[in-house]
Amino acid sequence: MKKIRVRLTLAFILMIGFSVTAAGLFTGRLIEKSHMDSLKESMLRELQIMLVTLEPVFQKQNTDLQRLVQQLKLSADARVTFIGNDGKVLADSDHDPQTMDNHLNRTEVVDARKNGVGYSVRYSQTLGQNMLYVAVPVMAGGTVQGYVRLSMTLEDIEAAVFQLWTGLVLGLAVLFLIAVVISSRIAGGLTRPLEKITQVARQISNANYSSRVRLDNKDEIGELGQAINMMAESLQFQVRRITESESRLKTVLDNMASGVVMLSADGDIVLANRAAEKLLGFSERELLGKKFADIYVHSGLSELLERFFAQAGRIREEVKLHFPEELVLEITMVPLFHAGETLKGAVVVLHDITRIRQLETVRSEFVANVSHELKTPVSVIKGFAETLLKGALNDPETAASFLKIIYEESERLNRLIADILDLSRIESRRVALTFSPVELRSFTEKIMETMAPEAEKKQIRLEWEVPENIYIEADEDRLGQIMMNLLANGINYTPKGGKVKVQIDLLENENAGQERVRIVVSDTGIGIPKKDLPRIFERFYRVDKARSRSSGGTGLGLSIVKHLVELHHGKIWAESEGTDLGARFIVELPVLQEADAESMQVRDGHGEEDSGH
Ligand code: ADP
């Protein structure tokens, strides 16, 4: 910017200097010439006055010319010379005419002869000065008699002209200085807005997009400022849009359930979202810049990557990780191409399918178990029916006992199928619980009444201890199913003469606000070995297969109970001191149901399981 200002100033100065000098020279010359002209004019007038008296003088030969020139010199205040028509000097006021050359060829004389008047400026050796000569011819009877010449020194004029020149130069110098100051200011006025614009442009390039040019100029510079402002505005808008979409993208990436990792063409990690951090067990900072293949050297990931980069096509594969936890990941690798040709990198999507794989295993085990459980009664029924067909029918007593077995086994088959259906419905959350207030004492009495005949059959005493007026929110039928299942087990696994007891208590606010009810079903029966305690809620798990079978159990009861308790947002566990020391089943349920069944599904992460049905 400084440079433009200096250059502009210089240009102004040059221009002004040039025009000022030209103007000076012109005026100087003009004045000089006018001085000269007026001098010439006055000398000519003087000569013309002289001529009137001189004409007769020239014709008389004897006149004392020398005296006359002296007189004339006094009146004209200039040197006077008389020259004959042959060029001979007749008289001179300042010199001896005898010593002077012939003057016929002097410029002023030549011009006078030709034009009637002649001028000449010459340096006079005699006087050592510039002189002005003016000559006119003296006429008599139509012929030239001679010439009279006036000469005057130019000293005075030259002095005046010199003074004029000095004044002019000084004045011009002052003018020039003023011009320099003014032009520098004008140049500054031109470049200052440009400086402002440059400053704003610099700020914009430093990402300060809110910076604006503030100029009042209505000229092209003002337009430039406006253009810069418009550019800044559009930049600001674009940058904001990019930032917004970037943060939107980041939010999406970070809230995705699947892990997303981006790789460079060399296999370096350049981006990893939150899910990927969690799945791989490293923070993004630890992951960035690392080779993806180096993260889990032994997991088969590196081979997968090698294959991917070799074929540069989409790959989908399952990989098992053993750290940070056992995980089954479905890895999808999609190549990214630059301009549709060179491989630029890859997007790796990690999908945690551990639970899906686990569920698949559980399901296939369940199917195997169900088939096995179904096979037993079916083969019993088939065996006895065959025996009957082969002739046992003929013995009515045997036939009756066989038919009884067939009946019992089909009953058992029926129960088994009913339990399987019930369990599958409950597990897949296809049962909608209808919660309503249940008064526990009357509820328990009703259940006990239902169970009484079975207990009596085995001579087992039923006891219950339930405080009055405890209400809980529950699905009454399902709560009944829970109680009856636990009571039936108590009766089943307790020998004759034993006791099964139900005790219900309100647990006061042990953790602020959440009131809970504890239901304990205990018996004096065969008990459960400690090692089996954690497993009895599994499907088809029985401590003693034969005993469970003889009592008509399906091995699904406790499984169903556990699921129903969980649908009520409660928990259940079993306690036993060991064989023959009886068993205790403890159920804890919240008094109020706060969350509905659906939100619970989401919380547990069972959602995907359900959606499959
Ligand atoms: P089952 O139909 O065989 O009773 P459950 O799921 O109800 O199936 O019970 C699973 C197993 O837990 C039973 O086979 C039994 O071994 C054990 N069990 C359940 N309740 C009791 C109890 N009150 N006393 C002892 N063992 C029990």
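One-based numbering, in listed order, for ligands and for the atoms of each. Treat the numbers as computed from the prediction; the structure is a model and nothing was measured.
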Q: Check the pair Phe540 / Phe366 against ring pair (Phe, Tyr, Trp, His ring centres under 6.0 Å), numbers first and verdict last.
A: CA-CA 9 Å; Phe540 297 117; Phe366 180 61; 5.8 Å; yes

Q) Taking distance alone, with no angle check, do Val543 and ligand 1 share an N/O pair under 3.5 Å? A) yes

**Q.** Test item, Gly525 contacting ligand 1 (heavy atom, 4.0 angstrom)
**A.** no

Q.
As an exercise, identify every atom of ligand 1 less than 4.0 angstrom from a heavy atom of Ile528.
A. 25 (C), 26 (N), 27 (C)

Q. To the nearest 0.1 Å, how far is atom 19 (C) of ligand 1 from its closest protein heavy atom, and which atom is that?
A. Asn489 ND2, 3.6 Å

Q | Smallest separation among heavy atoms of Ala257 and Ala275, with atom names | A | O-CB, 3.6 Å

**Q.** Shortest heavy-atom approach to atom 9 (O) of ligand 1 - which of Leu558, Asp544, Ile491
**A.** Leu558

**Q.** Glu577, CD atom: more than 12 neighbouring heavy atoms under 6.0 Å
**A.** no

**Q.** Residues Arg307, Glu317: salt bridge by 4.0 Å N-O rule
**A.** yes

Q. Are the charged groups of Arg535 and Asp532 less than 4.0 angstrom apart, N to O?
A. no

Q) Is the shortest distance from a Lys or Arg side-chain nitrogen in Glu427 or Arg539 to a carboxylate oxygen in the other one below 4.0 Å? A) yes

Q. Has ligand 1 got any nitrogen or oxygen that is less than 3.5 angstrom from a nitrogen or oxygen of Gly555?
A. yes

Q | Protein heavy-atom partner closest to atom 3 (O) of ligand 1 - residue, atom, separation in Å | A | Ser548 OG, 2.6 Å

Q. When only distance counts, is Phe585 in polar contact with ligand 1, meaning an N/O pair under 3.5 Å?
A. no

Q. Can a salt bridge be assigned to the pair Glu246 and Lys250 using a cut-off of 4.0 Å between side-chain N and carboxylate O?
A. no

Q) What atoms of ligand 1 come within less than 4.0 Å of a heavy atom belonging to Thr554? A) 2 (O)

Q. Out of curiosity, Leu558 CG to Phe537 CZ, how far, rounded to the nearest 0.5 Å?
A. 5.5 Å

Q.
If we set the cut-off at 4.0 Å for heavy atoms, which region of Asp523 has an atom near ligand 1: side chain, backbone, both, or neither?
A. side chain

Q) Is the shortest heavy-atom distance from the side chain of Ile381 to the side chain of Ser410 under 4.5 Å? A) yes

Q. Taking non-hydrogen atoms only, is Phe537 closer than 4.0 angstrom to ligand 1 via side chain, backbone, both or neither?
A. neither

Q. Which residue holds the protein heavy atom closest to atom 10 (C) of ligand 1, what is that atom called, and what is the gap in Å?
A. Tyr541 O, 3.3 Å

**Q.** Protein contact of atom 24 (N) of ligand 1 - nearest heavy atom, named by residue and atom, plus distance
**A.** Tyr493 CB, 3.4 Å

Q: Could you list which atoms of ligand 1 come closer than 4.0 Å to a heavy atom of Ile536?
A: 10 (C), 12 (O)

